[in-house]
2 protein chains.
Amino acid sequence: MTDLDRIDRKILKALQADGRIANVDLAEKVGLSPTSTGDRVKRLLREGFIAGYGARLDPHRLGLGLLVFVEVSLDKTTPDVFEKFAEAVKRAPEVLECHMVAGGFDYLVKTRVADMAAYRHFLGEILLALPGVKETRTYAVMEEVKSDGMLPV
Amino acid sequence: MTDLDRIDRKILKALQADGRIANVDLAEKVGLSPTSTGDRVKRLLREGFIAGYGARLDPHRLGLGLLVFVEVSLDKTTPDVFEKFAEAVKRAPEVLECHMVAGGFDYLVKTRVADMAAYRHFLGEILLALPGVKETRTYAVMEEVKSDGMLPV
DNA sequence: GCCGTCGCCTTACTAAATTTGGCATTAGCA
DNA sequence: TGCTAATGCCAAATTTAGTAAGGCGACGGC
């Protein structure tokens with residue numbers, strides 16, 4: 001129920017790289033009949049290994065040329081700051097990811113915006129406007145060395 | 001050639017959320033005929049707005065329960081450190097993302113591993129073994145507040 | 001030794017994507 | 001004005017892919 005064989009892994013790898021690969025092509029790639037391959041894909045979905053499918057959009061093509069990471073520290077004297085912050089962040093479309101971390105600060109935020117002007121606006125009007133935000137440190141990305149986010153299957 | 005109308009954005013949004021939606025369903029959702037919708041999707045692909053499709057795998061289901069960010073500082077006295085580091089990072093399957101940033105350190109690395117033991121191994125045997133790595137700061141993620149990475153279309 | 005389950009296969013059927021052709025609108029131009 | 005080309009859309013027909021049904025062989029429990 002939880003362990004995958006060699007073919008399952010090949011399927012996951014292929015689907016992660018190309019979520020729209022035709023079942024017959026996938027079947028040939030993994031060395032199984034289309035029916036069996038389809039059954040396995042359905043099983044991998046049902047058992048939660050595959051959470052869904054999505055189109056990969058090109059941020060630069062969409063005018064989102066600037067990738068920025070922000071370290072956020074919260075004022076922990078006020079109650080509910082964490083919940084409030086988390087809720088606000090979920091609503092902000094500029095925020096692609098937000099993680100609560102253990103270490104020198106509280107949240108690591110990944111955001112994509114058009115340019116520095118847009119980031120300035122986001123930082124000043126949205127992030128710093130949130131109650132409880134004590135301190136932020138901004139790291140603009142100069143080069144995306146690796147950004148596919150492919151899981152090792 | 002570069003600007004999208006309301007329907008294009010609806011298509012991108014829908015495909016980003018569900019890359020395998022049937023063309024007829026997508027057509028109904030955006031209010032166009034299946035043929036026109038298909039034409040638009042093909043155009044969005046051709047013009048690079050859609051970079052590709054992929055299955056979203058569940059890292060926890062795959063035994064990758066620990067998400068870690070690492071800030072890496074390089075020893076800039078040696079030449080080629082940046083290139084060498086970038087190449088090595090591209091080869092490491094544990095590394096999901098790696099960005100060169102402007103600020104207090106050089107690279108921000110996002111990695112997923114099974115647990116702390118696996119991270120220790122990755123840090124000691126792989127990251128710190130790379131030539132030119134001067135200093136690292138590790139931030140283990142305690143809670144993934146937002147991690148879909150959906151672009152605002 | 002028998003029966004149930006599992007994984008896989010082939011065949012047949014159904015549903016989807018793609019292609020073709022046609023219509024209306026718009027823009028450029030003599 | 002009248003002609004042409006380009007664009008965006010649609011419906012119908014064709015092709016292609018997904019899905020369901022049924023059968024075969026291997027394995028394990030009883």
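Just so we're on the same page: letters track the sequence lines, and every chain starts at 1. Predicted model, so just to flag it, every value in this text is computed and none were measured. In what follows, every heavy atom counts, from backbone to side chain, and hydrogens, waters and symmetry copies are set aside.
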### Task
Give a yes or no on whether Val95(A) and Val68(A) share a hydrophobic cluster (residues Ile, Leu, Val, Met, Phe, Trp, Tyr; joining criterion: side-chain heavy atoms under 4.5 Å apart).
yes
Between CG of Asn23(B) and P of dA17(D) the distance, given in whole Å, is 16 Å
With respect to the phosphate group of dG7(C), does any side-chain polar atom (N or O) of Arg40(A) fall under 4.0 Å of OP1 or OP2?
-> no
OP1 or OP2 of dG8(D) under 4.0 Å from side-chain N/O of Lys42(B):
no
note: Ile7(A), atom CD1; dC8(C), atom C1'; distance rounded to Å ~ 10 Å
| Presence of salt bridge, Asp115(B) and Arg120(B), under 4.0 angstrom | no
In whole angstroms, the gap separating P of dT18(C) from CZ of Arg46(B) amounts to 14 Å
Ring centres under 6.0 angstrom apart (Tyr107(B), His99(B))
no
Leu32(B) CG to dG8(D) P, in whole Å, measures 11 Å
inquiry  = Any salt bridge linking Glu97(A) with Lys90(A)? Criterion: basic side-chain nitrogen under 4.0 Å from a carboxylate oxygen.
reply    = no
Whole-Å distance, Leu26(A) CG to dT19(D) P, equals 12 Å
When rounded to whole Å, the CZ to P distance for the pair Arg6(B) and dG8(D) reads 18 Å
Ile21(A) CD1 to dT16(D) P, in whole Å, measures 18 Å
Here the distance between atom C1' of dG18(D) and atom OH of Tyr53(A), to the nearest Å, is 13 Å
Checklist entry - Quick one: is Ser36(B) getting a side-chain N or O under 4.0 Å of the dC10(D) phosphate, OP1 or OP2? => result yes
Heavy-atom nearest nucleotide on DNA chain C taken for Arg20(A) and for Gly31(A); more 5' hit belongs to Gly31(A)
Side-chain atoms of Thr35(B) come closest, of dC9(D), dC9(C), dA11(D), to dA11(D)
